[in-house]
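One structure below.
A, B, ... follow the sequence lines: proteins, then strands. Residue 1 opens every chain.
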Amino acid sequence: MLRFIVRRLLLLVPILLGLSILVFVFIRALPGSPAESLLGERATPEAIAQVREQYGLDDPIYIQYAKYLETTVAEFDLGVSIVSRRDVTAELKERFPATVELALAAMLFSVGLGIPLGFFAAKRYGGIVDHTSLVASLIGISIPIFFLALVLKYVFAVRLGWFPSVGRIDVLIDLEPRTNFYVIDAIIARDWTALRDVLEHLVLPAVALGSIPLAIVARITRAAVLDVQNEDYVRTARAKGLSPRIVDSRHVLRNALLPVSTIIGLQTGLLLSGAVLTETVFARPGMGTWLTDAIFNRDYPVLQAGILFLSIVFVLVNLVVDISYAIINPRIRYSS
Amino acid sequence: MSVAELESREIQLEAPSGLGSEAWRRLRRNPGAIIGFIFVLAFVFAAVFAPLIAPYGPLDQAKAGILDTQSPSADYWFGLDELGRDEFSRVIYGARYSLLIGVVSVAVGLSIGLLLGAIAGYVGGFIDSLIMRVMDIMLSVPGLLLAIGIVAALGQGLWQIMVAVGVTNIPIFARLLRGSVLAQRESDFVLAARAVGVRRRVILASHILPNAISPVIVQGTLALATAIIDVAGLGFLGLGPQDPATPEWGTMLAGSDRYLQSAPYLAIIPGLAIVVSVLGFNLIGDGLREALDPKLRGRS
């Protein structure tokens, strides 16, 4: 087990190095000189000279790369945003929790609803629940996230007025941002009005973002339950007279959840990409709106940092999924 | 009829049906795939014959003097958009963009990905490791983000989003074909071909690739669906065609947000157009997967 984890961690090194090279090359592939890209069009000659010095832009390319690694990795200095003139790291600390909050809420929605849905579809195999869920999940994966988000916004915010349509929190509510996870901040401050408001702002984006994973989770759960149901050990458990409920929960669902857990990990990339679009529709100040604004403003330090950071998160989440998969699946645990 | 003719007839009758014809037979019996075909045919038909179907040009104001939205009516089936242009005509013309962008971007990803995957799988060794590590790195950036990065580097525009979405498809196809080639390389019929002295190139071209290609066909169809969604997503973010008047579905949706209160149909109609075309490709892809699955061969 330990060997497996160490091996996976070692495999991470070339991937992260490769990622940094990709982003490094990306900044140098942009039109204009990297110093101008990093400082914006209105940079003073002094500032350009300073950046050239800091990143060693007059040095050979491999020294430039080493310096780049040193500033981003060792000092965690991601530069200064061209637009806001603030440290990119500081902005990242505000934006990232917003996206994580949204992604977690979406995940909760998709897993909390998808597993029972898939399970009952499999239990009533061929029945009306099964057919409906199959059709619904097929339509689910064919709907663009932003379209679903727009429809939800129109029906539940614009028409019915049940939920707010934009932002993370009502502008009139004053909440001290400590962690920038507003849900946690509200709980720390024991401000229940704020908590309620934050959750209300979270519902529609989370449902929009979680619907496609929901469709996928339900489909995979259904297939896995159908597979496991015919296994010998399930028949043995039934034959020895265990109650159907215990067989379902201990023998069927537990084993069926193995493939489901991998799928949940694979959905992280989709959630991160989808968050970009969902945040745009609901005007939530997260990573997504940060990055799209950065494109329009040619704010390359932000783009570089944002893409690198989200990719690292994606890689790490997949690592955690792999490891936890090995922990819950005895077949992998014992074979390594 | 001569004996020889009779014999040849019988041989023809007994000839085993190929994978292709059998798959086609199974595909025709799959109601989902039929619906998918209908959707996709309607989509392609709209794209090809747009000028004949659409009552107005995509940029024309349908009614002189009207510079405002108008709800759907008998004259304007899907209503008028904020500049008084016929929404129905714009959606029909939009099919051209989505089809073109989808096909081109999948073709880019497919051709480069297949080449890399086939080389990696068949040559093996250092080249294999090198190609696949690069693919791993590309896959470690979430798809849409990679596309956003590429568009940021190339600038906004139609061909830029095609390239961006195409590049995100490369590692998917490379991995798929490599795995497929690796699996076929060790199979008995390749061993048999090698044993009777068939040349390497011939083995790859006529024994391995034809058998490795069916997952690629399935993935290609599904990738078309994803490409249409991704391209619309980039268009929605405003990274698509520079001219906001271009009737690209994602770009149309982006503009509709401001009129959600007064003219929700401006969001719903292009959105439904995307859903229908994507659903069509997904249904065909699913049908193909079942039809081409060698485990299901012979059953029908």
Nearest 0.5 Å, what's the [atom1]-[atom2] distance between [X] and [Y]?
X: Leu204(A); Y: Lys153(A); atom1: CG; atom2: NZ; value: 10.0 Å
X: Arg289(B); Y: Leu222(B); atom1: CZ; atom2: CG; value: 5.5 Å
X: Ile161(B); Y: Leu154(B); atom1: CD1; atom2: CG; value: 11.5 Å
X: Ile269(B); Y: Ile274(B); atom1: CD1; atom2: CD1; value: 12.5 Å
X: Leu144(B); Y: Leu239(B); atom1: CG; atom2: CG; value: 8.5 Å
X: Leu104(A); Y: Thr99(A); atom1: CG; atom2: OG1; value: 11.0 Å

(message) Using only non-hydrogen atoms and a strict under-4.5 angstrom cutoff, which residues of residues 223-236 of chain B touch chain A?
(response) Ile229(B), Ala232(B), Gly233(B), Phe236(B)
Using side-chain heavy atoms (C-beta onward) and a distance below 4.5 Å, is [X] in contact with [Y]?
X: Val167(B); Y: Met138(B); result: yes
X: Met162(B); Y: Val108(B); result: no
X: Ile172(B); Y: Met135(B); result: no

Against chain B, label [X] side chain, backbone, both or neither, depending on which of its atoms sit under 4.5 Å from a heavy atom there.
X: Leu291(A); result: side chain
X: Leu19(A); result: both
X: Phe314(A); result: side chain
X: Ile15(A); result: both
X: Pro144(A); result: both

(request) Enumerate by number any residue of residues 274-288 of chain A whose heavy atoms lie under 4.5 Å from heavy atoms of chain B; in the absence of such residues, state 'none'. (result) Val276(A), Leu277(A), Thr280(A), Val281(A)
(request) Just say parallel, tilted or perpendicular for the rings of Phe96(A) and Phe309(A), cut-offs at 30° and 60°. (result) perpendicular
(request) Would you check, one step at a time, whether the test side chain to side chain contact (heavy atoms under 4.5 Å, CB included) holds for Leu146(B) with Leu139(B)? (result) CA-CA 9 Å; Leu146(B) 184 62; Leu139(B) 279 175; over 6 Å; no
Flag the one option from [options] with the top tally of heavy-atom pairs under 4.5 Å to chain B.
options: Ala294(A), Gly18(A), Pro14(A), Ser142(A); result: Ser142(A)
options: Leu272(A), Leu150(A), Ile141(A); result: Leu150(A)
options: Leu138(A), Val135(A), Leu17(A); result: Leu138(A)

(request) Check for a donor-acceptor pair, side chain of Trp249(B) on one end and backbone N or O of Ser98(B) on the other, with a separation under 3.5 Å. (result) no
(message) Does this structure show an ion pair linking Asp286(B) with Arg219(A), if we count only N-O contacts that are shorter than 4.0 Å?
(response) yes
